[in-house]
Amino acid sequence: MKRIIPLFLALLLLAGCGADTAVTPTAAPETTSGVSEETPAADYAPLAAADAGISPYTSRFSGETAITLSDEGITVNGGGETDSVYTSHDIVYYEDRDAYDSGNPYGEGSDADKHTADEAAAHTVVNITAPGAYRISGTLSAGQLRVDLGDNAYYDESAVVELILDGADITCTVAPAILFQNVYECDGEWSADTATSQVDTSAAGAVLVLEGENTVNGSYVAKIFKDKEGEKKLWKQDGAVYSYMSMNVEGTGTLNLTAGNEGLDTELHLTINSGNLNIRSGNDGINTNEDGVSVTTINGGNVHIIAGLGDEGDGIDSNGYLVINGGIVVASANPASDAGLDSDLGSYVNGGTVIALGSTIDWAESESSQVTMNLQFADFQSSGSAVVVTREDGTVIFAYDPSADEVLGDNVRRYQGAVVSCANFQVGERYHVYLDGTVTGSDNGGIYDVTTVTAYDGGTQMMYTGTDVGFGGRGMGGQRPDGDREMPGDMEFPEEAMKDFGGQMPEGEIPELPEGETMPEGFEGRGDRGQMDGEMPEDFTMPEGGMPELPEGETMPADFDPSQVGGDQMPGGGDPQSGTADNTLFYMADKVNAFSGVTAAE
């Protein structure tokens, strides 16, 4: 039988445990500085060492083939083309047509996706058709690297190609600049029924290794239908670097990737273990495509993305799971309607240093293992402003300044949602959040090594007006705004009794109390929305321990955990005994913490 406990919930909300808590703002200082000289460096992580998450790659092969690119032709190990490395002029592209000669529709592309035969013919395809490690250098101003080990490669564990980009410069205006078409698929038996967020791609047949400085400018191929087969897909290659099979990214070098549509794409899984990735994309910066299956995993590296330079685009978009275990991830989405991190089945932040900016809210999941802040701002903010988090004593523990980020620095846009996470955030601590200002210290692409920060001045202190605190297993935050909420045990809210757990009662009135129960004298709803005041009645006192008593005859479910609804502290570090809170203090009640209505403190 479902038990409804509205009086208990009303008192619980008044006490500030687990609701959108409106509090009196604290005035922001004109400047903030003050890196604590007394805090030892060992007390927090540097976050942005130049080699953070970067490690050399150990090849599976004992030797390698050197391919030098040029517009006049290629050399292979200093000589001419071979049976397994050769050029052709048969690039797949979206033709300038609407229908096949049969009259059947050609594809889904628009006029902007079409290319002439002459434009396509000007591109040289460098074909790699045998397993091995291939070191690529030189310039190809109109062409594509295409890896195709044949139709039987999918289940062949030896069908592996390592493309080692080492001083390569490749441009393709009609299709992906780098294409893995047929290699071994390490998750060949994938199924949506058995898909999880944990996938091992160590044996993947597509391996992109970064050494030195590399530049890739790539296009895409819009969906082309098979002729006479009911509009079934023949080709669709969305990214400037595209793999039909799972792919790993490795190495110590840099890839500067500019994409007409999406940046780094795979049909199935993508794992980034190392390397420096600077991605500027018309649509999604990174995308993995298989619905309900794909996993994008970042274990290390420096990943900086400005996505959606066209009409739309997420920073990182997985049609399955997104898992960040390490490295540095900076992702900015299209300001119209997209997210810095986006996934269909959940985004998990388990490590690394992460800041993701967007206009839609796609939060880190509450099952993430690293402390994370999900910030929903009351108004749009400028992506050109620094984001700084300090301890209560002023010690800077996180700082990102986009003006020092060569990827985002020249593309100032706006955002309304931010996901911020780093190793320095700890459960049970309270932090101040600031925007803008000047950070003095050493940075790596705008992410500061906080052990070197000597000053921070001129920032605007933020406050929040609400928190998204769930009940049951999801804890604080970690839920999408429209997601389902669960009460512990068999306790449930009355239908529509709360609006998204935002501290609002249903339209017009407070839910009915149990028979014979009355609200404490002095309690009033607020306005015609039925929202409760954030103040306690004068004669109301909290029972010992800080939790209100249940109505007579009611008991809490056996599995109810008070710590899941604020425990002995309110969000923002307030004192539940007094019912006060300082909402310039962002309290880390759990691994994932959501704050709404974030705005400049008054």
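For this chain, numbers begin at 1 and follow the sequence in order.
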**Asked** Does Y106 have its ring centroid less than 6.0 Å away from the ring centroid of Y94?
**Response** yes
**Message:** Quick one: does any side-chain atom of S368 pair with a main-chain N or O of V349 as donor and acceptor, under 3.5 Å?
**Reply:** yes
**Prompt:** Taking E81 for the side chain and T87 for the main chain, is one N or O donor matched with an acceptor at less than 3.5 Å?
**Reply:** yes
**Asked** Is the NZ atom of K236 crowded by more than 12 outside heavy atoms at less than 6.0 Å?
**Response** no
**Prompt:** Under 3.5 Å, is there a donor-acceptor pair linking the side chains of T201 and N248?
**Reply:** yes
**Prompt:** Under 3.5 Å, side chain of N214 to main-chain N/O of T254, donor-acceptor pair present?
**Reply:** yes
**Item:** Given T297, T288, V293, the one that forms side-chain contact (heavy atoms from CB on, under 4.5 Å) with H269
**Value:** V293
**Message:** Whether the S102 and D227 side chains hold a donor-acceptor pair (N or O, under 3.5 Å, no angle test) is what I'd like checked.
**Reply:** yes
**Message:** Looking at D71, I'd like to know if its CG atom is crowded, meaning that more than 12 non-hydrogen atoms belonging to other residues, nucleotides or ligands lie closer than 6.0 Å.
**Reply:** yes
**Message:** I'd like to know if the side chain of D148 reaches the main chain of T129, judged simply by a donor and an acceptor atom lying under 3.5 Å from each other, with no hydrogens or angles considered.
**Reply:** no
**Asked** With no hydrogens and no angle check, is any side-chain donor or acceptor of S343 less than 3.5 Å from a backbone partner on S347?
**Response** yes
**Asked** Can D379 and R414 be counted as an ion pair, charged N to O under 4.0 angstrom?
**Response** no
**Request:** Indicate whether the side chain of E162 and that of Y57 have a donor and an acceptor atom separated by less than 3.5 Å.
**Result:** yes
**Prompt:** Does the T139 side chain pair with the main chain of S141, one donor and one acceptor, at a distance under 3.5 Å?
**Reply:** no
**Message:** What's the separation between atom CD1 in I279 and atom OG1 in T258, rounded to the nearest 0.5 Å?
**Reply:** 10.0 Å
**Asked** Between Y415 and F377, what is the ring plane arrangement, given parallel below 30°, perpendicular above 60°, and tilted in between?
**Response** perpendicular
**Message:** Ignoring hydrogens and geometry beyond distance, is a side-chain donor-acceptor pair present between H115 and D96 at under 3.5 Å?
**Reply:** no
**Item:** Y244 and Q237: side chain donor to acceptor below 3.5 Å
**Value:** yes
**Message:** Ignoring hydrogens and geometry beyond distance, is a side-chain donor-acceptor pair present between D405 and Y400 at under 3.5 Å?
**Reply:** yes
**Request:** Give a yes-or-no answer on whether the side chains of E185 and S246 include a donor-acceptor pair shorter than 3.5 Å.
**Result:** yes
**Prompt:** N283 side chain to N261 main-chain N or O, any donor-acceptor pair under 3.5 Å?
**Reply:** no
**Message:** A side-chain contact here means heavy atoms from C-beta on lying under 4.5 Å apart; do L322 and Y348 qualify?
**Reply:** no
**Message:** Pairing donors with acceptors under 3.5 angstrom, does anything connect the side chains of D401 and S403?
**Reply:** yes
**Asked** Is there a donor-acceptor pair closer than 3.5 Å between any side-chain N or O of N77 and the backbone N or O of A66?
**Response** yes
**Item:** N319 side chain to D291 side chain, donor-acceptor N/O pair below 3.5 angstrom
**Value:** yes
**Request:** Give the C-alpha distance, both sets of side-chain angles, the deciding distance and a yes or no for side chain to side chain donor-acceptor pair (under 3.5 Å) between S421 and Q370.
**Result:** CA-CA 7 Å; S421 183; Q370 179 168 278; 2.8 Å; yes
